[in-house]
There are 2 protein chains.
Amino acid sequence: MTQKTDTTVTGRITRTLADRIIAGEIAPGTKLRQDHFAEEFGASHVPVREAFRRLEAQGLVVSEPRRGVRVASFDIAEVREVAEMRASLEVLALRHAAPHLTSAILDTAEDINRAGENAKDVREWEDANKAFHRIILEPCNMPRLMASIDDLHAASARFLFSGFRMEWEAPTDQDHRAILRALREHQFDVAAATLARHVKWIGTKPGKNSRKLSAL
Amino acid sequence: MTQKTDTTVTGRITRTLADRIIAGEIAPGTKLRQDHFAEEFGASHVPVREAFRRLEAQGLVVSEPRRGVRVASFDIAEVREVAEMRASLEVLALRHAAPHLTSAILDTAEDINRAGENAKDVREWEDANKAFHRIILEPCNMPRLMASIDDLHAASARFLFSGFRMEWEAPTDQDHRAILRALREHQFDVAAATLARHVKWIGTKPGKNSRKLSAL
DNA sequence: ACAATAAAAATTATCTATAAAATTGGAAAT
DNA sequence: ATTTCCAATTTTATAGATAATTTTTATTGT
């Protein structure tokens, strides 16, 4: 949901909180008090509440009426669920995007992939990873689909940063290369199958924290 | 997103407006003024704004910062997009649900399907249709996936009520029967393929209004 | 000590008021 | 007649205040 929401206070709060939650700076299960963030952002609690609603829609927080919101907890099952959803939807996007992919786009994708290989930390790698997926899928011209995929990517990034999956080196970027190769040769089925396997693999490599992550 | 949100004013407004938009009572493109609904619901505009945010997340309205929200427009392309997304996600859900389906569940599904065949109007038929899909997919035990499917169903219903697809009789419910038969015989691949074809078909039967639907 | 309960504090939800921005209507200039 | 600009009006966005609900703390009875 990368829209220009930063002209408004609500948008600024939404983005900042989303970043923090995704980066793992606020632990799952943490209770989010509206007055607290109102003070932090020098705003009233109204825009904070609206930000909460948006975060809820992205699945980053869960809200219980009159009991406030807390950072969404997740477990290995949800990591797998998100991976499967991504696999399904990204394959769909790729099938529609493939006919519109130019070699210029694929060249750029290759550059992005190289940037990912040279990344210094997870954060940087994830940025490249997200950009790679986005650039080859975007030409599907299906905005609603892309919005869903973006939300799922945010969830995936959160899992990654939380230590669910530590490995972020070679294999992934090698998959990326295989996908590009297949696309250049117009082997769309191969590309789609590789993409599906690639995305699902992400959900199968639990790090050390396999238990339910939740504060308290 | 069928949660018990009606204990709060925001929840009541959200649900009412969602129903109206889905039913086509408010035309696509219509500008929604917060004061107007605040007065209608005897509330201030704050809960109305929060309701708008939720509707935005469901894709029922689009919001432009400082320019208000309007009922989301849609065209034949988006109808197809939603159909494809539903096909992908519902197949995923069915694959995970299949092992957990009991014959009791399938019996209930058959009852629901019969109710759909005897439906007096589109609305009634759509209720049965939604219930049918939900009962055979729910056992997948993937809440995030089900939430996404629910949102897509809401969009589909909107298209249906708007006259995009007029036919809602025999073939659909026959597909349903074929799916049940395959599930009873544990032919999960057949069931999945039938479901995919069934859902995609919905997006290929344009009624009379193929142009962009938008007020003004 | 423990459970149940009631008062106190904190927090969410909502309302009313204000500020900021966008839209509208009309007057002036070409 | 048409366009541009400015003021008036409407509408959105945010702030500040209040009501309602939940959570916490303290107290009483067993």
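In what follows, chains are A, B, ... by sequence order, proteins preceding strands, each numbered from 1.
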Taking only residues two or more places apart in sequence or in another chain, which ones pass salt bridge (Lys or Arg N to Asp or Glu O under 4.0 Å) with [X]?
X      : answer
B/R49  : A/E50
A/R197 : A/D175
B/E126 : none

Mind jotting down which residue pairs meet the salt bridge (Lys or Arg N to Asp or Glu O under 4.0 Å) criterion with at least one end in [range]? Sequence neighbours excluded, please.
range                      : result
residues 17-39 of chain A  : A/R20-A/E40
residues 98-116 of chain A : A/D107-A/R184, A/E110-A/R184, A/D111-A/R114
residues 86-106 of chain A : A/R86-A/E90, A/R95-A/D189

Under the ring pair (Phe, Tyr, Trp, His ring centres under 6.0 Å) test, residues paired with B/F52 that sit two or more places apart: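 Partners of B/F52 under the ring pair (Phe, Tyr, Trp, His ring centres under 6.0 Å) test: none.
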The criterion is ring pair (Phe, Tyr, Trp, His ring centres under 6.0 Å); which residues satisfy it with A/H96, sequence neighbours excluded?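 By the ring pair (Phe, Tyr, Trp, His ring centres under 6.0 Å) rule, A/H96 matches no residue at all.
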Does a side-chain heavy-atom distance below 4.5 Å link B/Q58 with B/I22?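 Side-chain contact under 4.5 Å: no.
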Can you pull out the residues from residues 33-41 of chain A that lie within a 4.0 Å heavy-atom distance of DNA chain C?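 Here the set is A/R33, A/Q34, A/D35.
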For DNA chain D, note the earliest and the latest nucleotide, 5' to 3', having some atom under 4.0 Å of a heavy atom belonging to chain A.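 Boundary nucleotides touching chain A, in 5' to 3' order, are D/dA13 to D/dT23.
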Whole-Å distance between C/dA13 P and B/I13 CD1?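 B/I13 atom CD1 is separated from C/dA13 atom P by 14 Å.
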Letter by letter from the 5' end, nucleotides 16-25 of chain C scores (B base, S sugar-phosphate only, - none; protein heavy atoms under 4.0 Å) BB---SSS--
What residues form a side chain to side chain contact (heavy atoms under 4.5 Å, CB included) with A/A115, not counting sequence neighbours?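 For A/A115 there are no side chain to side chain contact (heavy atoms under 4.5 Å, CB included) partners, ignoring immediate neighbours.
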Is the phosphate of C/dT14 approached by B/T8 (side-chain N or O, under 4.0 Å from OP1 or OP2)?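 Yes.
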